[in-house]
Amino acid sequence: MDGTLLDFLAAEKAAIRTLLQNWVRECTDEAIARYSKINRRYWEKLENGELTKPEVLVGRFREFFETEGLDVTAAPAFNERYQVCLGDTIVFRDDSYEIVKSLHGRVKQYVVSNGTVLAQTKKLRLSGLGELMDGIFLSEELGAEKPNAAFFDQVFEAIEETDRKKILIVGDSLTSDIRGGNLAQIVTCWYNPNGQKADSTYRIDAQIQDLQEVIPLLSQSW
């Protein structure tokens, strides 16, 4: 979902700006950039098993508030409001809605996300993507986070396809999506619109810069 089908940074910026302006003070682009950097670091710790989801959700705001000279005791309540606001802004990546819609009924499509149930459920409803999906798998409900194999094992138990060579994961995160696909032994497609570099730690079977490029991949034999 985030960073692949939907522009997460746009939603993050809108939610942070709205809440800080209503909560404490005017929010600058520089402050949002500082928060985004902190947030990314916390999620990477989650993916590496260093932190739990609750520790990430509140801890990122505690650190951000501390760096901004704000009241850190407000972090838990701020996070609760943030989860609601995060789903308010819907910005599609590369006409993702039309792409998903065009594939509906032709291939099985599933959401696999570490995002919170509250935020992701709202995004799926407002974007219309939820109606087009054959299944939605959220880590909070599964009790395991990507890239852990336990997350994907539960996905495999729920879907009809058992041949893992016929399963393709498309995602923007190397540490979550691509690493998860590697651990799950499925085909990986890295959505990399900014042309970033990846080291040899990851097995990347395909790399795309526009989501339209995923369509020809679906007919390939891996």
Visitor: If I compare all heavy atoms of L126 with all of G87, which pair ends up nearest, and what's the gap?
Guide: CD1-O, 3.2 Å
Visitor: Remaining members of Y110's ILVMFWY cluster at a side-chain heavy-atom cut-off under 4.5 Å?
Guide: V112, F137, L142, F151, F152, V155, F156, I159, I167, I169, I186
Visitor: Taking 4.0 angstrom as the limit, do E55 and K45 come out as a salt bridge?
Guide: no
Visitor: Classify the side-chain pair Q109/D134 by whether it contains a donor and acceptor separated by less than 3.5 Å.
Guide: no
Visitor: Not counting sequence neighbours, which residues clear side-chain hydrogen bond (donor to acceptor under 3.5 Å, both in side chains) with N48? List them please.
Guide: R179
Visitor: Does any part of the side chain of L129, heavy atoms only, come nearer than 4.5 Å to the side chain of F92, both counted from C-beta?
Guide: yes
Visitor: May I ask you to say whether D172 pairs ionically with R93, meaning some side-chain N is under 4.0 Å from a carboxylate O?
Guide: no
Visitor: Going by atom types alone, do E140 and T116 pair a side-chain donor with an acceptor below 3.5 Å?
Guide: no
Visitor: So does E30 pair up with K37, basic N to acidic O under 4.0 Å?
Guide: no
Visitor: Please determine whether a side-chain nitrogen of the Lys or Arg among E131 and R125 lies less than 4.0 Å from a carboxylate oxygen of the Asp or Glu.
Guide: no
Visitor: Run the side-chain hydrogen bond (donor to acceptor under 3.5 Å, both in side chains) test against T73 and tell me which residues pass, sequence neighbours left out.
Guide: D71
Visitor: Contact between R164 and V187 at the side-chain level, heavy atoms closer than 4.5 Å - yes or no?
Guide: no
Visitor: I'd like to know if D199 and K197 make a salt bridge, using a cut-off of under 4.0 Å between side-chain N and carboxylate O.
Guide: no
